[in-house]
Amino acid sequence: MSIVFRREFRAYFATPLAAVFLVIFLFLAGLFTFNIGGLYERDQADLRPFFQYVPWLFLLILPAISMRLWAEERRTGTIELLVTLPFALSDLVLGKFLAAWAFSIVAVLLTVPFWITLSWLGDPDHGALVSGYLATVLLAGFMLSVGALISAWTKNQVIAFVLSVAVLFITLLLGYPATLDVARTFASKGVIEALASTSALTHFDALMRGVVDLRDVLYFVGGMIVFLWLNTAVIDWKKSD
Amino acid sequence: MAKVVENSARAAEELLVATGLEKRFGDTYAVRGIDLRVRAGEVLGFLGPNGAGKSTSMRMVTGFLEPTAGAISLCGINLLTHPIEAKRTIGYLPEGAPAYPEMTVEEFLTFVAEARGYARRDARDRVERVIERVHLQGVRRKSFETLSKGYKRRTGLAQALMHDPRVLILDEPTDGLDPNQKHEVRTLIRELGRDRAVVLSTHILEEVEAVCTRAIIINQGTVVFDGTPTEMESKAPANITKNRMDHVFRMLTTGEGERRATRRTKGSTR
Ligand SMILES: Nc1ncnc2c1ncn2[C@@H]1O[C@H](COP(=O)(O)OP(=O)(O)OP(=O)(O)O)[C@@H](O)[C@H]1O
Ligand SMILES: [Mg+2]
């Protein structure tokens, strides 16, 4: 598994695309945090604006990473090589996923200077920031695992991208306060809560607020395990298409 | 009694045994009931028209595709129940010789060496060896996507030889090579075949005469000929003098050669 991981992780940096990607991410994250989110105007020493926008930023950016995971492998035919090397299918799935996740963590770590700026300007609640970053990293893994599963399904990267954005958009919307307010006008409270609890955004918000509840962590970790398991099954089934 | 023992000792072990192989895609059969037995020291030429099921059969014996029915064993290991152990015994050049486009030849081969379980130093030694063996010295630092077709094919071959496998499955190993490279690769395959089981698919019938000890022709997923190249050639009617192998191939896979042959025979008797 570590062999697959290393090959994949290096592949991200083999082209200038990785640098472009990281710069765009950092630029947008900065824009959302400082300008649109108004970090300075808020006069509060926290990164709330960053954490509030990061799920939506991920929505557009992570599917661009996950779309190529399997679709590319199928297009070039290298999947035939991978599958006939003495690897377990689950090692391939895990190695590829972890490389994508690690790459997204590199992107997230590039925003740590925001935190440093904050400590410099004021006196932030470091505990809340740690849990905010934990939430961000878990959300990235969760969203990538969904994208990887969709990438396993299709040979076409564009389809993989669009489908991943669509699916992830729905799962974020289900936890978005404005959607829930609309839903409240016609659905019962129980239904609303059940719906919201399936959304990644709900669990992300809970963690971001600084209360690390094990159930929220389990939601993300459990989700990743389920999607990666499904990923293995789909690859086994559709590898030759 | 002594004779029997002597015979079985002389007969090389069967390294690849596939029985009753079948593969169905949707409701069409790509392969229907193929048996393959290849011993060490044999180079088996796998022939057949486009779409006959050659690649599909190779994909099954290398563990890429699960057969719809049938059993496969490699060096005595059941591929379907012990896939990882069985895959260790084979080297495989998939059709079209795929590799990661952005990696250099050296990086790609190192990845395969590591995947085959060799660590740093061993991996480097292995990579050096195969680079020398298939003459890739000149392109080792080039990225795969910039290689010419022939060098891509050779990189694929190098990758398949990495761990000195006892079973080699090569899907069109000489496709796209120039005459010099073809000659080189054929010499290499003959050499490899001395103590290994080699299966190669090809559309070039001279290649069968040049390197194979045995040939199998499949058509529409079933075996229509199994024998030595000499036996194959001898199936052609005596009045055919040129391209006898091609004639037999057409005869067995289209029936066309047969018709023409009978016509000619009739003509000559008339
Ligand atoms: N993944 C797949 N899905 C559906 N049909 C397939 C698939 N792979 C192969 N086939 C079909 O199976 C048949 C055998 O194909 P195969 O690639 O094994 O032929 P081949 O003998 O290797 O031909 P060629 O000489 O052109 O390489 C063909 O009719 C092909 O269309
Ligand atoms: Mg083929």
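Labels below follow one simple rule: chain letters A, B, ... track the order of the sequence lines, proteins then strands, and each chain is numbered from 1. These numbers were taken from a predicted model, which means no experiment stands behind them.
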Checking heavy atoms, do the side chain of B:Phe108, its backbone, both or neither come under 4.5 Å from chain A? side chain
Please classify the contact between B:Pro83 and chain A as side chain, backbone, both or neither, with a heavy-atom cut-off of under 4.5 Å. neither
What's the shortest heavy-atom distance between A:Pro86 and B:Ala115, and which atoms? CG-O, 3.8 Å
Could you look at A:Ala88 and say if it's the side chain, the backbone, both or neither that has a heavy atom under 4.5 Å from chain B? both
Between chain A and chain B, identify every pair of one donor and one acceptor N or O atom lying under 3.5 Å apart.
| unit_1 | atom_1 | unit_2 | atom_2 | d |
| --- | --- | --- | --- | --- |
| A:Glu73 | OE2 | B:Tyr100 | OH | 2.3 |
| A:Glu80 | OE1 | B:Arg59 | NE | 3.3 |
| A:Glu80 | OE1 | B:Arg59 | NH2 | 3.4 |
| A:Glu80 | OE2 | B:Arg59 | NE | 3.0 |
| A:Glu80 | OE2 | B:Tyr92 | OH | 2.4 |
| A:Val83 | O | B:Lys87 | NZ | 2.9 |
| A:Lys239 | NZ | B:Phe64 | O | 3.0 |
| A:Lys239 | NZ | B:Glu66 | OE1 | 3.0 |

The interface call for A:Leu82 against chain B, heavy-atom contacts under 4.5 Å, is side chain
Going through the checks in order, is the side chain to side chain contact (heavy atoms under 4.5 Å, CB included) test met by A:Leu81 and B:Phe111? CA-CA 11 Å; A:Leu81 206 75; B:Phe111 165 68; 5.6 Å; no
Looking at B:Pro98 and A:Gly77, what are the two nearest heavy atoms and their distance? CG-O, 3.3 Å
